[in-house]
**Q** 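One structure is given below, represented as structure tokens, and several questions about it will come after.
All chains are named by letter (A, B, ...) in the order of the sequence lines, taking the proteins before the strands, and each is independently numbered beginning at 1. These numbers were taken from a predicted model, which means no experiment stands behind them.
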Number of protein chains: 2
Amino acid sequence: MARTAPVPSAVPDSAGAFPVTVDVVALTVRDGALQALVVDRLLEPYRGRAALPGGFVLPDETLEQAAGRELEEETRLTVPAGATGTGPWHLEQLRTYGPLGRDPRGPVLSVAYLLLAPAFGLPAAGGDAAEARWVPVGERSAGLAFDHDGILADGVERARAKIEYSPLAAAFCPPEFTVAELRGVYEAVWGTQLDARNFHRKATGTPGFLEPTGRLGGGGPGRPAELFRLAPGVDPTATVLHPPLLRPVSPGPGAPSA
Amino acid sequence: MARTAPVPSAVPDSAGAFPVTVDVVALTVRDGALQALVVDRLLEPYRGRAALPGGFVLPDETLEQAAGRELEEETRLTVPAGATGTGPWHLEQLRTYGPLGRDPRGPVLSVAYLLLAPAFGLPAAGGDAAEARWVPVGERSAGLAFDHDGILADGVERARAKIEYSPLAAAFCPPEFTVAELRGVYEAVWGTQLDARNFHRKATGTPGFLEPTGRLGGGGPGRPAELFRLAPGVDPTATVLHPPLLRPVSPGPGAPSA
DNA sequence: CGTTGTTGTCGTCAGATTGACGATATCTAC
DNA sequence: GTAGATATCGTCAATCTGACGACAACAACG
């Protein structure tokens, strides 16, 4: 028996409809340290307070589009289209927070994103942001607005974990880089010192990780280093390091948590 | 100069307000195979189609409360309060999908959750679900409603990855279990065969993973096995396996992806 | 031009871990 | 008492990793 086209039910009246924001944990490595992008809020709530860049998702845009738009509006930094999986930038979803209890204006759901990028120019404030700047992660400062301290901590931990198994650390490097630069990224993200000789052996000996360019870097004192690029066609979040390059376990309570 | 209490701005008029659903990838191990919980939809859209349990988040409830409520309504299975970190059940956020292009009724944001639990009784359908049942993961069947095939695939991959580094595999076991039972979980989740001797050495030799109960299991043929429980006070998602127990890499294209 | 200092790369050594597998222990069923 | 099945302990060789030395290759300097 032929059936007519089904008529979609409506969204139930009882369903909540929540404003949704995107908040971006943008991380880079500058001056040998892991740094996060923050902006000062121009509007209440939390006016004058530092916060992660972000804002409300508009109807008819995707979460990723909203993330890119808010970042560009508030910092003048531009996420290249399709950052995930291409180019030096890497954008991925982190986690969803709320909706209850995190915004004085009422329930707001926040879908947080993690953005990793090479060091780039100073951001310039715009949109709802008064000032945009890079701040070293871990520096003790006044708390961020909303629940952004927790979101930032989650983003940092995600980055720390992912570079154990994937070539994602290269997202902090320009397209061509030396092994010492890559090691510097690991040291900044993990806050540890790594042995140059062991790191070099592991990085260059792992299939599917680095590809030599055939050229040399240098300019400073010391032997000029070979330049590498990420092996072509590799998903930066794929499990390429297998076995992984494990971050040193700090003595004292607790192995790193997932 | 004293300032009056700040007046929160309103949510901007231009902000989207989206209906939000939770969808639960509930996984267990039964009959030596990884199985996922699905329900048949009673309502349009996709009436009659199999789907992950889930539904709309109500105002004034948290995402986790909504996940537990929808699961209980649709399958009569009850997530114990505070499942995360306690008891054999484990509930964690997976990823957020949408809001565009996934529901014929319009934009709907889905916050997906992963629930791992020991084998338990057969589910009974209720609420908006016509039938609730466990289906083996990977079995070729008609596609699930919405984007639930992709959500399910993401959940399975998350489980596969996390048991490499964390004691989360024990979430599939009852509170006391043998090493063979635990190995059976790994084999079901990874779809591989593991060497009983090497697995036993790794599982019992990893600090912070298993704690012997002092008693023996058994009843079948063969030497009765020691019973273990998860080491007390351990976060089931913590990186306890360090170095990790790596899943065998299948020959052919591609290491496992993060 | 030779020397010094710095950085990069290749490699050795010892210990730890892992995969493959044998041997023995301990049970149930017959 | 024997056979079959499962659990546990262990060996062996290969691989990986941390610690570290040695040499290569540059820039800077006198």
Side-chain angles (χ1 to χ4, degrees), chain A residues 32 163-165 173 176-187 190 192-228 239-251 255-256, chain B residues 32 163-165 173 176-187 190 192-228 239-251 255-256:
Chain A
I163 65 177
E164 288 186 325
Y165 321 114
C173 295
E176 295 186 353
F177 50 87
T178 67
V179 168
E181 285 167 335
L182 185 66
R183 187 177 81 248
V185 164
Y186 275 87
E187 289 175 335
W190 286 343
T192 61
Q193 209 72 24
L194 298 178
D195 185 272
R197 297 152 296 190
N198 293 336
F199 184 85
H200 189 278
R201 179 182 63 198
K202 178 70 172 179
T204 56
T206 296
F209 190 3
L210 304 180
E211 173 185 73
T213 63
R215 290 187 282 98
L216 298 176
R223 178 171 169 168
E226 292 182 56
L227 280 175
F228 291 88
T239 305
V240 162
L241 287 109
H242 199 273
L245 173 60
L246 297 174
R247 77 183 104 166
V249 185
S250 52
Chain B
I163 65 176
E164 289 185 326
Y165 320 113
C173 295
E176 295 186 353
F177 49 87
T178 67
V179 168
E181 285 169 335
L182 186 65
R183 187 177 80 248
V185 165
Y186 274 87
E187 289 174 335
W190 286 343
T192 60
Q193 209 71 25
L194 298 177
D195 185 273
R197 297 150 299 186
N198 293 336
F199 184 85
H200 188 278
R201 179 182 62 197
K202 178 69 172 180
T204 56
T206 295
F209 190 5
L210 304 181
E211 172 185 73
T213 64
R215 290 187 280 100
L216 297 177
R223 178 172 168 168
E226 292 183 57
L227 280 174
F228 291 86
T239 305
V240 162
L241 286 110
H242 199 272
L245 174 61
L246 298 173
R247 78 182 103 166
V249 186
S250 52

**Q** Rounded to whole Å, please give me the gap between CG in A:Leu194 and P in D:dA19.
**A** 11 Å

**Q** Start with the C-alpha gap between B:Val185 and B:Phe177, add the side-chain angles, then the distance that decides, and say whether side-chain contact (heavy atoms from CB on, under 4.5 Å) holds.
**A** CA-CA 11 Å; B:Val185 165; B:Phe177 49 87; over 6 Å; no

**Q** Could you state the atom-to-atom distance from CZ of B:Phe199 to P of D:dT6 in whole Å?
**A**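 Atom-to-atom, B:Phe199 to D:dT6, this comes out as 17 Å.
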
**Q** Separation of A:Arg223 atom CZ from D:dA28 atom P, in whole Å?
**A**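 It works out to 18 Å between those atoms.
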
**Q** Between C:dT26, C:dT28, C:dT9, spot the one nearest the side chain of B:Pro221, thanks.
**A** C:dT28

**Q** Closer than 4.0 Å, any side-chain N/O of A:Lys202 to the OP1 or OP2 of D:dT17?
**A**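 Yes, because at least one side-chain N or O of A:Lys202 sits under 4.0 Å from OP1 or OP2 of D:dT17.
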
**Q** For the side chain of A:Glu187 and the backbone of A:Leu194, is there at least one donor-acceptor N/O pair under 3.5 Å apart?
**A** yes

**Q** I need the CG-C1' distance between A:Leu216 and D:dA24, as an integer number of Å.
**A**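 So the CG-C1' distance, A:Leu216 to D:dA24, works out to 12 Å.
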
**Q** Select from B:Ala225 and A:Pro243 the residue whose nearest nucleotide in DNA chain D is closer to the 5' end of that strand.
**A** B:Ala225

**Q** Calculate the interatomic distance between A:Glu181 atom CD and C:dG8 atom C1'; express it in whole Å.
**A** 13 Å

**Q** So, under a plain 3.5 Å distance rule, would you say the side chain of A:Arg197 forms a donor-acceptor pair with the base of D:dG18?
**A** no

**Q** Taking NE2 from A:His242 and C1' from D:dT15, how many angstroms apart are they, rounded to a whole number?
**A** 14 Å

**Q** Between D:dA19, C:dC21, D:dT8, spot the one nearest the side chain of B:Ala196, thanks.
**A** D:dT8

**Q** To the nearest Å, how far apart are A:Asn198 CG and C:dA14 C1'?
**A**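 Going from CG in A:Asn198 over to C1' in C:dA14 covers 13 Å.
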
**Q** Assign the ring pair A:His200 / A:Phe228 to parallel, tilted or perpendicular, where the plane angle (0 to 90°) is split at 30° and 60°.
**A**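 A:His200 vs A:Phe228 ring planes: perpendicular.
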
**Q** If every non-hydrogen atom of B:Arg247 is compared with every non-hydrogen atom of B:Glu164, which pair is closest and at what distance?
**A**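 It is N-OE2, 3.0 Å.
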
**Q** Which nucleotide, D:dT8, C:dG8, D:dC20, lies nearest any side-chain atom of B:Glu226?
**A** D:dT8

**Q** To the nearest 0.5 Å, how far apart are CG in A:Leu182 and CZ in A:Phe199?
**A**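 The distance works out to 4.0 Å.
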
**Q** Identify which nucleotide among C:dC27, D:dA7, D:dT17 has an atom closest to any side-chain atom of A:Arg201, counting heavy atoms from C-beta outward.
**A** D:dT17

**Q** When you match B:Leu245 and A:Asp195 each to their closest nucleotide on DNA chain C, which lands nearer the 5' end?
**A**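 Taking each residue's closest nucleotide, the earlier one in sequence belongs to A:Asp195.
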
**Q** For a quick test of reading the model: is some side-chain N or O of A:His200 closer than 4.0 Å to OP1 or OP2 of C:dT9?
**A** yes

**Q** Closest nucleotide of DNA chain C for A:Thr178 versus for B:Gly222: which of these residues is on the 5' side?
**A** A:Thr178

